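Below: the structure, in structure tokens.
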Amino acid sequence: MDAAGGEQLSLAAVRDALVRLEDSVVFALLERARHPRNAPAYAPAAAGEGRSLVEFFVREAEALNAKAGHYQKPENVPFFAQDLPSPLFPTKSSPKVLHPLASLVTVNDAIWKMYFNELLPLFTVDGDDGSYAETAALDFACLQVVSRRIHIGKYVAEVKFKDAPQDYSPLIQAKDSNSLMDLLTFKAVEEKVKKRVEKKARTFGQDVTLEDNAGKQEGTSGDSECKVDPTVLSKLYDQWVMPLTKDVEVEYLLRRLD
Ligand SMILES: C=C(O[C@@H]1C=C(C(=O)O)C=C[C@H]1O)C(=O)O
């Protein structure tokens, strides 16, 4: 991981990286929310050999990303890993701070189902504006950034293990997933994350104008004026992003002593 990698890997540095990524998650959702649901982009299509435009787009985009070397980093995990091409250009190898089995840890199937079945209906309106290609590209952007955020859980787990191997090792040896989950959970941090992403959605989702709008103070526009309902962001993090990040942490830790 760029900012938090290398010798300086610390819980504070990894958490900083997660905080910065919140901005990207909020902006990706805001962009997708500018279009309605656009159901035809998700329907199986003859042109895609039975796959939808969105699935076709993600597979093609991942093949391009793979050629450029994107998946050489453990936090960048493809949704369709089978038969991806190798990097065509030299990639600079980053310091190996994670256990080699980190590459096996992926929750992208769960992210895919969550995004299309649960999240999309919450933050897009019913309708069809015909912008199917944009829709596919914007969905890919949302999926990619959410997946990256969640798979940074590998680094979180590594730091937590290094900070307290005496606490984690017996639980790993006993394959005690539930106790590992309890040990790595910080409820107070999670509460702050939820509040912050909701605030970011409220702040970034406002229209910024130069007019003096009738005494309205900065940051006080109602939620109905926001481009994405801010509570959808806190729900996304509460119900899916943080639980899946912790699943990644547990999966990583279970392999940590192999
Ligand atoms: C990522 C961490 O692990 C857990 C997951 C969190 C998250 O996904 O934001 C927050 C706190 C922890 O319960 C962390 O401790 O920072």
Side-chain angles (χ1 to χ4, degrees), residues 1-6 8-29 73-77 97-99 101-102 105-115 118-119 122-123 142-169 171-172 176-204 228 230-256:
M1 194 172 40
D2 300 327
Q8 284 86 41
L9 196 68
S10 69
L11 193 51
V14 184
R15 282 183 174 157
D16 277 352
L18 293 180
V19 171
R20 280 195 304 278
L21 263 180
E22 290 165 1
D23 301 10
S24 312
V25 170
V26 173
F27 276 117
L29 263 56
K73 293 197 172 165
E75 65 273 32
N76 295 337
V77 181
V97 289
L98 298 182
H99 189 282
L101 292 179
V105 177
T106 167
V107 292
N108 269 349
D109 286 351
I111 295 174
W112 183 272
K113 287 197 192 96
M114 174 280 287
Y115 180 77
E118 317 269 359
L119 183 60
L122 286 181
F123 79 100
C142 290
L143 285 166
Q144 204 174 33
V145 71
V146 168
S147 173
R148 180 180 166 83
R149 191 283 178 197
I150 288 170
H151 288 102
I152 286 179
K154 297 175 189 183
Y155 293 90
V156 179
E158 176 63 23
V159 180
K160 288 180 179 171
F161 176 81
K162 283 257 176 62
D163 285 349
Q166 70 288 357
D167 297 335
Y168 282 97
S169 297
L171 302 178
I172 295 171
D176 186 347
S177 306
N178 291 338
S179 301
L180 281 171
M181 185 62 92
D182 290 344
L183 188 58
L184 60 80
T185 295
F186 290 80
K187 278 283 166 214
V189 175
E190 294 186 15
E191 287 307 314
K192 281 192 193 154
V193 171
K194 275 190 282 175
K195 287 206 181 99
R196 196 174 46 243
V197 292
E198 189 171 328
K199 187 170 179 186
K200 284 182 178 180
R202 196 164 283 124
T203 307
F204 302 161
V228 167
T231 63
V232 168
L233 259 296
S234 75
K235 181 173 171 158
L236 164 67
Y237 269 73
D238 185 34
Q239 296 200 358
W240 300 301
V241 170
M242 295 196 291
L244 286 168
T245 303
K246 294 198 286 181
D247 285 346
V248 166
E249 292 181 52
V250 170
E251 286 303 314
Y252 176 84
L253 288 166
L254 288 172
R255 295 169 166 90
R256 181 60 179 73

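Predicted, not measured: the structure shown is a model, and the values here were computed from it. Every number for a ligand or one of its atoms is a count from 1 in the order of the listing.
A donor-acceptor distance shorter than 3.5 angstrom exists from the side chain of Ser234 to the backbone of Thr231, with no hydrogens or angles considered. A donor-acceptor pair is defined here as one N or O able to donate and one able to accept, closer than 3.5 Å; such a pair exists between the side chain of Lys154 and the backbone of Val105. In terms of modelled atom types and a separation under 3.5 Å, the side chain of Tyr252 and the main chain of His99 share a donor-acceptor contact. Of the possible polar contacts, one joining the Arg255 side chain to the Glu251 backbone as a donor-acceptor pair under 3.5 Å is found.
With a heavy-atom cut-off of 4.0 Å, Arg196 does not touch ligand 1 at all. Counting heavy atoms under 4.0 Å from ligand 1, residue Met242 touches it through both backbone and side chain. By the criterion of a heavy-atom distance under 4.0 Å, the backbone of Leu184, and not its side chain, is placed next to ligand 1. Proximity of Lys160 to ligand 1, defined as any heavy-atom pair under 4.0 Å, is confined to the side chain (atoms from C-beta onward).
Counting heavy atoms from C-beta outward, Val25 and Tyr237 have side chains that approach closer than 4.5 Å.
For ligand 1, the polar-atom distance check finds an N/O of Arg15 within less than 3.5 Å of one of the ligand's N/O atoms. For ligand 1, the polar-atom distance check against Arg149 finds a nitrogen or oxygen pair separated by under 3.5 Å. Distances between N or O atoms of Phe186 and those of ligand 1 include at least one value under 3.5 Å. Taking only nitrogen or oxygen atoms, main chain and side chain alike, Glu190 reaches within less than 3.5 Å of ligand 1.
When each atom of ligand 1 is checked for a heavy atom of Thr185 under 4.0 Å away, the hits are 13 (O). Within ligand 1, counting atoms from 1 as listed, the ones closer than 4.0 Å to a heavy atom of Thr245 are 8 (O). Applying the 4.0 Å criterion to heavy atoms of Glu249 picks out, from ligand 1, the atoms 1 (C), 2 (C), 3 (O), 4 (C), 5 (C).
Atoms CG and CG, from Leu101 and Leu254 in turn, are 11.5 Å apart once rounded to the nearest 0.5 Å. Note that the CD atom of Glu249 and the CE atom of Met181 stand 8.0 Å from one another [nearest 0.5 Å].
Between Phe204 and Phe27, the two ring planes are parallel [angle under 30°; tilted spans 30° to 60°].
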